[in-house]
Amino acid sequence: MTDDQFDLFVIGAGSGGVRASRIAAMHGAKVGIAEEFRFGGTCVIRGCVPKKLLVYASRFPHDFKTAEGFGWTVPEPSFDWPTLIKNKNTELDRLEAIYQTNMAKVGVQQVRSRAVLRGPNTVYLEAEDREVTAKTILIATGGWPNLDDKLPGIEHAITSNEALDLDRLPKSIAIAGGGYIAIEFAGIFANLGVETTIVYRRDKILRGFDEEMRDAVINGYRDRGVEIINNDVFASIEKTGAGLQATLKSGRTIAAEQIMFAIGRTPNTRGLGLESAGVALDESSAIKVDDFSKTSTENIYAVGDVTNRVPLTPVAIREGHAFADTVFSGEAVKVDHKTIATAVFSTPEVGTVGLTEDEAREAYPDLDVYASDFRQMKEAFSKGEERMLMKLLVDRQSDRVVGCHIAGEGAAEMIQIVGIVLKMGGTKADFDNTMALHPSAAEELVTMRSPARQYSNGQAAS
Ligand code: FAD
């Protein structure tokens with residue numbers, strides 16, 4: 001094999017591509033990988049990791065306030081955005097280097113270049129103006145934030161990419177969107193004292209989440225002064241002396257220093273040369289794959305956000321790993337996309353796994369809903385009203401817990417563990433048999449004894 005011939009060539013070094021390349025190399029394959037921006041991909045460079053660091057930063061003002069009740073005298077705190085961004089970038093550099101070292105250790109050849117297909121076995125590396133060939137090709141190019149290209153003045157708007165690297169903290173921001181990315185960024189900015197407005201085209205943010213969790217976030221945001229405008233969209237954006245002025249379809253105007261669009265993401269398939277290799281797309285421009293991530297072309301596979309299955313980092317990693325095992329170890333591995341625990345890092349935070357109450361009611365007509373809503377113990381001395389909301393949805397016929405939803409501090413940490421229980425088919429009796437850990441918020445999950453409401457044949461029982 002020459003230097004330009006590989007067993008596997010991976011396009012895109014994000015969550016899925018990096019994992020696949022490492023595992024394939026560990027199975028003995030000669031692997032190359034191309035990355036056009038930075039190794040680590042969206043999650044590490046402009047997604048989960050930097051976002052969570054900003055979420056941490058944004059929660060300190062509340063902690064400073066709570067501290068006083070516990071006897072601390074906290075001098076008037078001040079906040080420096082450039083320090084946060086500088087430290088965040090240092091951490092990202094560290095993580096990128098780790099990704100590169102880990103791939104190098106197992107012999108993965110890394111190229112910093114945009115790569116496009118030039119046939120089923122040929123990849124063109126633009127930065128080096130050369131072609132490489134590979135028996136198997138993996139496309140792991142992720143997704144890209146949508147912008148409303150037809151909107152007058154859209155060039156003044158930013159996306160999550162730029163929001164993570166602003167030179168200074170804006171005084172005000174208006175965010176288009178109601179999904180988890182829009183809501184998380186709104187929370188970050190609002191907690192840091194930025195006047196924050198959310199503009200959402202539907203009637204309620206966080207579509208797809210349990211209704212009570214949506215309400216918990218909406219109430220929490222309203223308490224923090226975030227304005228949520230529903231059933232409206234941006235019609236135009238203009239630059240003014242002081243910043244930006246947006247006009248909504250309803251005619252309402254909003255002045256804001258920054259306008260951010262978080263209205264969904266599109267799989268990165270444009271200009272990839274997929275047609276040269278016969279790789280088929282679905283109607284959302286995502287690459288169509290089978291259960292083993294194989295595309296319509298026999299030797300080309302795709303994993304992660306570019307396939308638009310479940311666009312989350314752990315899913316991309318699992319798909320990349322399963323692909324590498326299937327193709328390079330001879331053991332066919334399918335990824336199970338059901339019952340995935342996820343979180344919204346809003347404040348209050350939401351953790352969720354399994355069905356929402358509405359979904360559970362349809363799937364399991366005899367349903368018990370256990371719910372607990374209480375003030376967090378940490379709020380005992382302050383005037384804060386930070387609450388915890390917990391829900392267990394139980395199919396009465398089998399006693400299986402089919403959904404769990406938590407809003408409040410630590411929700412993401414708790415739901416990861418509850419996810420194991422649901423994956424194992426855990427029952428309400430299993431929760432009841434588990435001794436509580438006291439004093440904790442999580443103990444509520446094993447001490448809820450009577451249903452808050454019940455459904456029989458899908459109807460609310462009186
Ligand atoms: P990516 O990580 O997007 O990697 C694709 C890589 O391919 C990129 O580095 C890109 O530069 C490169 N590339 C694209 N085209 C080419 C080309 N032609 N040639 C060479 N390189 C190319 N997920 C979670 O699980 N939890 C979270 O909290 C979370 N938060 C998020 C917050 C934000 C703001 C965003 C945007 C996403 C978040 N996600 C989160 C989603 C998560 O980042 C993605 O699901 C994950 O990164 C997908 O991995 P991937 O390997 O499919 O693609």
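Note that this is a predicted model, so its numbers are computed, not measured.
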(request) Examine distances only and state if a side-chain atom of Asp325 and a backbone atom of Ser329 form a donor-acceptor pair shorter than 3.5 Å. (result) no
(request) Using the side chain to side chain contact (heavy atoms under 4.5 Å, CB included) rule, take Lys391 and Asp210 through it: C-alpha gap first, then chi angles, then the decisive distance, then the call. (result) CA-CA 10 Å; Lys391 276 175 84 167; Asp210 187 87; 2.7 Å; yes
(request) Verify the neighbour count for atom CG of Leu437: are there more than 12 heavy atoms of other residues, nucleotides or ligands below 6.0 Å? (result) no
(message) Nearest 0.5 angstrom please: His321 NE2 to Ile23 CD1, how far?
(response) 4.0 Å
(message) Assess whether a salt bridge exists between Asp336 and Arg318, defined as any Lys/Arg side-chain N lying under 4.0 Å from an Asp/Glu carboxylate O.
(response) no
(request) Please assess Asn146 against Thr266 for the test side chain to side chain donor-acceptor pair (under 3.5 Å), listing each intermediate value before the final yes or no. (result) CA-CA 6 Å; Asn146 295 338; Thr266 300; 2.3 Å; yes
(message) Pairing donors with acceptors under 3.5 angstrom, does anything connect the side chains of Gln110 and Glu35?
(response) no
(request) Ignoring hydrogens and angles, state whether a donor on the side chain of Asp358 or Thr356 is under 3.5 Å from an acceptor on the partner side chain. (result) no
(request) Return yes when atom CD of Glu238 has more than 12 non-hydrogen atoms of other residues, nucleotides or ligands closer than 6.0 Å, and no otherwise. (result) no
(request) Just jot down the salt bridge (Lys or Arg N to Asp or Glu O under 4.0 Å) partners of Arg202, sequence neighbours excluded, or say none. (result) none
(request) Mind running salt bridge (Lys or Arg N to Asp or Glu O under 4.0 Å) on Lys334 and Asp290 for me, showing each step along the way? (result) CA-CA 10 Å; Lys334 265 192 208 173; Asp290 69 10; over 6 Å; no
(request) Could you walk me through whether Leu367 and Val402 pass side chain to side chain contact (heavy atoms under 4.5 Å, CB included), step by step? (result) CA-CA 9 Å; Leu367 188 77; Val402 296; 4.2 Å; yes
(message) Counting neighbours of CD on Gln416 that are heavy atoms of other residues, nucleotides or ligands and sit closer than 6.0 Å, is the number greater than 12?
(response) no
(request) Check the pair Lys288, Val279 against side chain to side chain contact (heavy atoms under 4.5 Å, CB included), reporting the backbone distance first and the verdict last. (result) CA-CA 8 Å; Lys288 279 194 204 167; Val279 175; over 6 Å; no
(message) Does this structure show an ion pair linking Lys428 with Asp399, if we count only N-O contacts that are shorter than 4.0 Å?
(response) no
(message) Quick check: do Met414 and Ile417 have side-chain heavy atoms less than 4.5 Å from each other?
(response) no
(message) Using a 6.0 Å cut-off, check whether atom CD of Glu257 has over 12 heavy atoms from anything other than its own residue.
(response) yes
(request) Report the C-alpha distance between Ser398 and Asp395 in whole Å, list the side-chain angles of each, state the deciding distance to 0.1 Å, and finish with yes or no for side chain to side chain donor-acceptor pair (under 3.5 Å). (result) CA-CA 6 Å; Ser398 64; Asp395 169 31; 2.7 Å; yes
(message) I'd like to check Arg224 versus Thr347 (side-chain heavy atoms, cut-off strictly below 4.5 Å). Are they in contact?
(response) yes
(request) Would you indicate whether Glu155, at its atom CD, is surrounded by more than 12 heavy atoms from other residues, nucleotides or ligands within a distance under 6.0 Å? (result) yes
(message) Test your reading of the model: is there a side-chain donor-acceptor pair from Arg214 to the backbone of Leu206, 3.5 Å cut-off?
(response) yes
(message) Could you measure the distance from the CD atom of Glu91 to the CD atom of Glu96? Nearest 0.5 Å is fine.
(response) 12.5 Å
(message) Nearest 0.5 Å, please: how far is CZ in Phe209 from OG1 in Thr352?
(response) 6.5 Å
(request) Give, for atom CD1 of Ile340 and atom CZ of Arg309, the distance between the pair rounded to the nearest 0.5 Å. (result) 10.5 Å
(request) Answer whether the closest heavy-atom distance between the side chains of Cys404 and Leu393 falls below 4.5 Å. (result) no
(request) Indicate yes or no: at least one non-hydrogen side-chain atom of Glu212 is less than 4.5 angstrom from one of Glu357. (result) yes
(message) Could you tell me if the side chain of Glu184 sits less than 4.5 Å from the side chain of Lys51, heavy atoms only?
(response) yes
(request) Evaluate the criterion side chain to side chain donor-acceptor pair (under 3.5 Å) for residue pair His405 and Glu211; output intermediate values, then yes/no. (result) CA-CA 10 Å; His405 309 276; Glu211 291 298 324; over 6 Å; no
(message) Can a side-chain donor-acceptor contact be found between Arg201 and Asn231 if the only test is distance below 3.5 angstrom?
(response) no
(message) Strictly distance-based, threshold 3.5 Å: is any side-chain N or O of Trp81 a donor or acceptor partner for the main-chain N or O of Leu192?
(response) no
(request) Determine whether Val199 and Ile254 make a side-chain contact, defined as any pair of heavy atoms from C-beta on separated by less than 4.5 Å. (result) yes
(message) Quick check: Tyr301 with Phe323 (ring centres under 6.0 Å apart)?
(response) yes
(message) Less than 3.5 Å apart, any donor N or O on the side chain of His62 or Glu409 sitting next to an acceptor on the other?
(response) no
(request) Ignoring hydrogens and angles, state whether a donor on the side chain of Ser160 or Arg46 is under 3.5 Å from an acceptor on the partner side chain. (result) no
(request) Answer yes or no: is there an ion pair linking Lys30 with Asp7, defined by an N-O contact shorter than 4.0 Å? (result) no
(request) Kindly check if the number of other-residue, nucleotide or ligand heavy atoms within 6.0 Å of CZ (Phe79) is above 12? (result) yes
(request) Identify the residue among Ile287, Thr269, Val10 that makes a side chain to side chain contact (heavy atoms under 4.5 Å, CB included) with Ile139. (result) Ile287
(message) Does this structure show an ion pair linking Asp63 with Lys378, if we count only N-O contacts that are shorter than 4.0 Å?
(response) yes
(message) Quick check: do Arg207 and Tyr200 have side-chain heavy atoms less than 4.5 Å from each other?
(response) yes
(message) Please report the interatomic distance CG(Asn268) to CH2(Trp144), rounded to the nearest 0.5 Å.
(response) 7.0 Å
(message) I'd like to know if the side chain of Thr136 pairs up with that of Asn299 as donor and acceptor (distance under 3.5 Å, no hydrogens or angles considered).
(response) no
(message) Just so I know, are the side chains of Ile228 and Ile218 near enough to count as touching, which here means a heavy-atom distance under 4.5 Å?
(response) yes
(request) Scan side-chain atoms only and decide if Arg270 and Thr141 contain a donor-acceptor pair under the 3.5 Å cut-off. (result) no
(message) Looking at Ile183, is its backbone amide N or carbonyl O close enough to the side chain of Tyr221 to form a donor-acceptor pair, meaning the two atoms are under 3.5 Å apart?
(response) yes
(request) Ignoring hydrogens and angles, tell me if any N or O in the side chain of Thr247 forms a donor-acceptor pair with the backbone of Ser236 under 3.5 Å. (result) no
(request) Run the numbers on Val344 and Met213 for side chain to side chain contact (heavy atoms under 4.5 Å, CB included), then give the verdict. (result) CA-CA 10 Å; Val344 183; Met213 300 297 126; over 6 Å; no
(request) Among Phe6, Phe9, Phe39, find the residue that satisfies the side chain to side chain contact (heavy atoms under 4.5 Å, CB included) test when tested with Ile33. (result) Phe39
(message) Checking the side chain of Arg118 only, and the main-chain atoms of Glu131 only, is there a donor and an acceptor separated by less than 3.5 Å?
(response) no
(request) Scan side-chain atoms only and decide if Thr427 and Asp430 contain a donor-acceptor pair under the 3.5 Å cut-off. (result) yes
(request) Measure the OG1-CG distance between Thr339 and Leu422 for me, rounded to the nearest 0.5 Å. (result) 6.5 Å
(message) Has Glu349 got a side-chain atom pairing as donor or acceptor with Ser346's backbone, closer than 3.5 angstrom?
(response) no
(message) Between Thr196 and Ile173 (side chain of the first, backbone of the second, donor and acceptor by atom type, cut-off under 3.5 Å), is there such a pair?
(response) no
(request) Specify the closest pair of heavy atoms between Gly220 and Pro348, including all atoms of both residues, with the distance to one decimal. (result) CA-CD, 3.9 Å
(message) Could you check, using the six-membered ring where one of them is a Trp, whether Phe261 and Phe234 have ring centers closer than 6.0 angstrom?
(response) yes
